[in-house]
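In what follows, a structure is listed as structure tokens, so that the remarks can point back to it.
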Amino acid sequence: MKPILKLACTLAITLCLADPLSACTSAVVSGKVTPDGRPLLWKNRDTDFMRNHIDYVKGEKYDFIAVVNSDNAYLKEAWMGTNSAGFALMNTQSYNLVDVKDGEERGAANGRIIYRALEVCATVEDFCHFLDTISKPSYIEANLGVIDAKGGAVMFEVDYQKYIMYDANNPKDAPYGYIARTNFSFAGKVNEGAGYVRYMEADQVLMKASATGSITPRFIFNELSRSFRNRMLDIDLRSGAYNRPQASGWFVDQDFIPRSSTSCSVVVQGVKPDEKAELTTMWTLLGYPPTGVAVPLWVKDADKLLPGMVRFDKECKAAPLSDCSLRLADKVFSYKQGMGTGRYLNWERLYSPEKGDGYMTAFVSVEDEVFRTATPLLDEWRRKGRLDTQAIPKLYDELEASIKMVYQSLLESE
């Protein structure tokens, strides 16, 4: 084969194997369909920047906490967060709203917009004004999900010049009380973009759950963040049919919601209109969701109270929870023999129903304990109408001890 032709073939194969760099899955859920009446904002983040941590920022008008890239945290970029007014914002990259020029980065301003909006916006209305008044072209190409302390729950599809707003509280926009998005926009070019199979899964799971009043943060982590259903193939790896002895225990990582490129999963649980914004809770899982644990975070006094397990650690160059999860994920995606092999998923190591073990089984159990421990405290604070900042350090110490024990056991056992 001639060198030029060989290079062209290699590039073509590489492009076929490559996924969009920012291939997230998300939803905004109205409090009308959650069991406790509080809106939810969820994002599974896919990115080239796998090492993440949580930053606390003292903003111009509002303080906030947000997911940031550990490798370039000096940039004023955020990828999902919530602020002291109870305003929360996230993005998924869209790939069918803008015709980009050669060499132009899609959605180059997405992270900067989230950072700035968290500083200055308190409500959905504020965010509309923000989008109306920023300079154009905005260099945003994204689906931007928002909830606020007034019960607002909205998805915006935003391009360089304009935006379209979909209200999860409006039956005309969201007949089932939620709006899901992956990496295409409904206002964009038909059948272009990415993430259609992941959208099918998110939409079907949320549709059924909205009808039964079962959409909670815990439900989202278990049924969406760790979903191994592929609606196009009509399979669910958790059925056991792909474990030994029925199969090899390996599978290809293709169009599941959690992917080898997933760096975190976050659910912001808002407040009812009569509750203080400080009770807004950011349930945060750093790392690959099947090998990670969600912990609750709050903005109030976060400069002092944010736990070390989600902050940047110089030794591991990320949050400890991010680092530990990714180290185990590397054992799940352990086949590295040649080009494109990073897609092979050691499913048996992640989940084994016959043996009752696997990384995912262990972490779901730990996360269940996190919710059992934290939820009664949060319920009590809601009844009192305020966070008990004196109790938060003790909660984090208890959670960190149990989470650390599981990670040490699994990392040392391999």
Next item on the list: Just do the side chain to side chain contact (heavy atoms under 4.5 Å, CB included) check on Leu305 and Lys300 with the steps written out, would you?
Entry: CA-CA 8 Å; Leu305 299 179; Lys300 187 176 180 180; over 6 Å; no

Locate the shortest heavy-atom distance separating [X] from [Y]; write the atom from each residue and the value.
X: Ala187; Y: Ile164; result: CB-CD1, 3.4 Å
X: Val271; Y: Pro39; result: O-CD, 3.7 Å
X: Asn169; Y: Ser30; result: OD1-OG, 2.5 Å

Side-chain heavy atoms of [X] within contact of [Y], under 4.5 Å:
X: Pro307; Y: Val295; value: no
X: Leu321; Y: Asp323; value: no
X: Leu224; Y: Thr25; value: no
X: Leu350; Y: Leu345; value: yes

If you measure from the Lys or Arg side-chain nitrogens to the Asp or Glu carboxylate oxygens, is any gap between [X] and [Y] under 4.0 Å?
X: Lys317; Y: Asp313; answer: no
X: Arg372; Y: Glu369; answer: yes
X: Arg38; Y: Asp36; answer: yes
X: Arg386; Y: Glu380; answer: no
X: Asp71; Y: Arg51; answer: no
X: Asp234; Y: Arg231; answer: no
X: Arg259; Y: Asp253; answer: no
X: Arg218; Y: Asp368; answer: yes
X: Lys150; Y: Glu125; answer: no
X: Lys272; Y: Glu275; answer: no
X: Asp357; Y: Arg349; answer: no
X: Lys304; Y: Asp301; answer: yes

Mark yes or no for whether Glu201, through its side chain, and Phe256, through its backbone, hold a donor-acceptor pair below 3.5 Å.
no

Can you tell me how far the [atom1] atom of [X] sits from the [atom2] atom of [Y], to the nearest 0.5 Å?
X: Leu41; Y: Ile179; atom1: CG; atom2: CD1; answer: 11.0 Å
X: Met155; Y: Thr92; atom1: CE; atom2: OG1; answer: 6.5 Å
X: Leu75; Y: Tyr115; atom1: CG; atom2: OH; answer: 10.0 Å
X: Asn91; Y: Asn110; atom1: CG; atom2: CG; answer: 5.0 Å

For residues 281-313, the ring-ring contact (aromatic ring centres under 6.0 Å, His included) pairs (sequence neighbours left out) are His53-Phe312, Trp283-Phe371, Tyr288-Phe333, Trp298-Trp381

is_close_aromatic([X], [Y]), centroid dist under 6.0 Å:
X: Trp347; Y: Phe228; result: yes
X: Phe156; Y: Phe127; result: yes
X: Phe184; Y: Tyr196; result: yes

Contacts of Glu141 meeting salt bridge (Lys or Arg N to Asp or Glu O under 4.0 Å) (sequence neighbours excluded), chain-then-number -> Arg106

- Item | Candidate pair Thr216 and Leu40, rule side chain to side chain contact (heavy atoms under 4.5 Å, CB included), full reasoning | CA-CA 8 Å; Thr216 66; Leu40 300 173; 5.5 Å; no

Q: Check the pair Asp203, Arg181 against salt bridge (charged side-chain N to carboxylate O under 4.0 Å, His left out), reporting the backbone distance first and the verdict last.
A: CA-CA 9 Å; Asp203 186 52; Arg181 288 292 185 272; over 6 Å; no

Kindly list each side-chain donor-acceptor pair under 3.5 angstrom involving residues 397-408, sequence neighbours excluded, with atom names and distances?
unit_1	atom_1	unit_2	atom_2	d
Ser402	OG	Leu399	O	3.0
Tyr407	OH	Thr291	O	2.7

Does the Lys NZ or Arg CZ of Arg311 fall within the cation-pi geometry relative to Tyr56 - under 6.0 Å from the ring centre and within 45° of the axis? no

